[in-house]
Amino acid sequence: MLQQTTIAAVRDYFEKFTRLWPTVHELAAAPLDDVLARWAGLGYYARARNLHACAQAVVSRHDGVFPSTAADLRELPGIGDYTSAAIAAICHDEPVAVVDGNVDRVMARFLALENPVRDEKPLVRSRVQEAVPRRAGDFAQAMMDLGATICAPRRANCLVCPLEPQCLGTRTGNPLAYPVPPAKKAKPERFGHAYVIVHPDGSIFVRQRGPKGLLAKMTEVPGSDWTANGQPPAFPLSARWTEAGTVVHTFTHFRLTLTVWTASASTPLDEGWWSAPDSLTSEAFPSLFRKVLATAGALPIP
DNA sequence: AACACGGGGAC
DNA sequence: GTCCCAGTGTT
């Protein structure tokens with residue numbers, strides 16, 4: 001959950017997940033759709049699918065017990081270089097380099113890297129690896145906490161930093177110049193339409209998104225493709241359609257503006273289901289579609 | 001190596 | 001508005 005996501009955003013989700021599925025066996029046995037529904041709103045939904053696949057792999061390949069080494073952990077779904085090293089170091093004191101975003105920043109400053117740290121991964125990893133002491137887990141957490149509290153994104157606090165005597169960044173006089181940001185490109189704009197069909201009994205017609213790509217397998221309301229040019233709406237059924245407003249949502253790599261349309265109808269579309277008002281909040285809606293439903297007046301403003 | 005992949009909190 | 005978060009998987 002904490003991959004690219006702050007503790008503040010994760011905390012409530014973590015509490016609910018561990019209460020609902022306290023063991024790897026229970027998580028492995030849970031339907032994926034339930035896991036996705038509980039993940040809804042947290043983003044990066046591949047993590048939820050990986051978490052579920054990881055639990056199943058631990059049960060099927062490892063008899064329900066997590067492997068102990070970074071190399072073996074690295075084979076599990078959703079466990080990459082960082083997470084495998086963090087588990088091995090913190091749980092078992094394996095002497096491996098644990099490099100998260102905090103450590104990237106600390107090392108970019110410590111080494112005064114002139115290139116974006118993304119392009120210096122091998123160097124950073126090897127320099128951290130050389131420094132790993134006997135208490136590898138404590139070292140890993142110390143480095144991450146140093147980045148989180150002292151060598152922070154907008155403040156370096158060099159006066160209280162234990163690495164200051166050997167830090168090249170502070171020696172340049174402007175440690176905040178590091179890490180050098182990668183050249184960023186503008187976010188494209190996309191546009192589309194969302195169709196909120198309200199049944200006379202108050203339920204909303206929803207469906208599941210496709211198995212791949214953005215927001216895969218999450219719940220949505222019917223809508224158009226999201227293209228760069230604004231197209232007129234193509235309503236999915238004949239009814240009295242009303243424009244309820246627009247929703248603007250920023251994804252990682254583009255900005256989307258959806259026009260929200262509502263109509264009353266009782267005929268379902270090909271694929272999907274009617275979701276009653278009571279069940280609407282437990283559907284696997286990403287934040288985008290929560291905004292759409294709020295704009296349509298079908299959900300309280302989140 | 002570059003890109004796809006969400007959402008929110010802090011400033 | 002911008003930046004960045006205890007990154008991973010795919011191409």
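Just so we're on the same page: letters track the sequence lines, and every chain starts at 1. Atom set for the values below is all heavy atoms of this structure, side chains included, hydrogens, waters and symmetry mates excluded. Just so it is clear, the model here is predicted, and its values are computed rather than measured.
- If you walk DNA chain C from 5' to 3' and mark each nucleotide with an atom closer than 4.0 Å to a heavy atom of chain A, the marks span C:dC3 to C:dG9.
- Around CG of A:Asn229, the count of heavy atoms belonging to other residues, nucleotides or ligands within 6.0 Å exceeds 12.
- Nucleic acid contact for A:Lys185: sugar-phosphate only, since backbone atoms but no base atoms lie under 4.0 Å from a heavy atom of the residue.
- The base of B:dG8 does not come close enough to the side chain of A:Thr6 for any donor and acceptor atom to sit less than 3.5 Å apart.
- Projected onto DNA chain C by closest heavy-atom contact, A:Thr5 and A:Gly78 fall at different nucleotides, the more 5' of which corresponds to A:Thr5.
- Note on A:His253: a side-chain N or O is less than 4.0 Å away from OP1 or OP2 of B:dC5.
- With C1' as the reference atom, C:dC4 and B:dG6 are 13 Å apart, rounded to whole Å.
- Atom CZ of A:Arg209 is separated from atom C1' of B:dC5 by 12 Å (rounded to the nearest Å).
- Of the candidates A:Lys121, A:Arg125, A:Arg118, A:Lys121 is the only one forming a salt bridge (Lys or Arg N to Asp or Glu O under 4.0 Å) with A:Asp104.
- Residue contacts for A:Leu42: at a heavy-atom cut-off of 4.0 Å it reaches a base atom on one of the strands shown.
- Using a 4.0 Å heavy-atom criterion, one finds that A:Gly147 contacts no nucleic acid atom at all.
- Between the CZ atom of A:Phe289 and the C1' atom of B:dG6 there is a distance of 13 Å, rounded to whole Å.
- Between A:Arg118 and A:Ser287, the one whose closest nucleotide on DNA chain B sits nearer the 5' end is A:Arg118.
- Within a 6.0 Å radius of CZ in A:Arg38, other residues, nucleotides and ligands contribute 12 heavy atoms or fewer.
- In this pair, A:Phe235 and A:Trp241 present their aromatic rings parallel. The plane angle is below 30°, not in the 30 to 60° band.
- In this structure, the OH atom of A:Tyr13 is 7 Å from the P atom of B:dG8, given to the nearest Å.
- Classified by interplanar angle (parallel below 30°, tilted 30° to 60°, perpendicular above 60°), the ring pair A:His193/A:Trp261 is tilted.
- For A:Leu256 and B:dG7, the CG to P distance is 11 Å, given to the nearest whole Å.
- Backbone-only engagement by A:Arg105 is indicated by non-hydrogen atom pairs under 4.0 Å involving sugar-phosphate atoms exclusively.
- The distance between the ring centers of A:His253 and A:Phe251 does not fall below 6.0 angstrom.
- Here the side chain of A:Asn157 pairs no donor or acceptor atom with the backbone of A:Val160 at under 3.5 angstrom.
- A:Pro286 comes within 4.0 angstrom of the backbone, heavy atoms only, and of no base.
- One distance of note links CZ of A:Phe205 with OG1 of A:Thr267; it measures 9.0 Å at 0.5 Å rounding.
- Spacing of C1' atoms, B:dC5 relative to C:dC5, comes out at 15 Å, to the nearest Å.
- Within the nucleic acid shown, A:Thr250 has no heavy atom closer than 4.0 Å to any nucleic acid atom.
- No engagement by A:Lys121 is indicated, since no non-hydrogen atom pair under 4.0 Å with the nucleic acid exists.
- Between A:Asp119 and A:Phe251, the residue anchored nearer the 5' end of DNA chain B, judged by the nucleotide with its closest heavy atom, is A:Asp119.
- Rounding to whole angstrom units, OH of residue A:Tyr45 and P of B:dA4 are separated by 19 Å.
- Within 6.0 Å of the CD atom in A:Glu130, the count of heavy atoms belonging to other residues, nucleotides or ligands exceeds 12.
- The separation between A:Arg49 atom CZ and B:dG6 atom C1' is 12 Å, rounded to whole Å.
- The gap from the P atom of C:dA6 to that of B:dA10 amounts to 11 Å, rounded to the nearest Å.
- The distance from atom CZ of A:Phe254 to atom C1' of B:dA4 is 10 Å, rounded to the nearest whole Å.
- Atom pair A:Gln4:CD and B:dA4:P shows a separation of 15 Å (rounding to whole Å applied).
- Note on A:His249: every side-chain N or O is 4.0 Å or more away from OP1 and OP2 of B:dG6.
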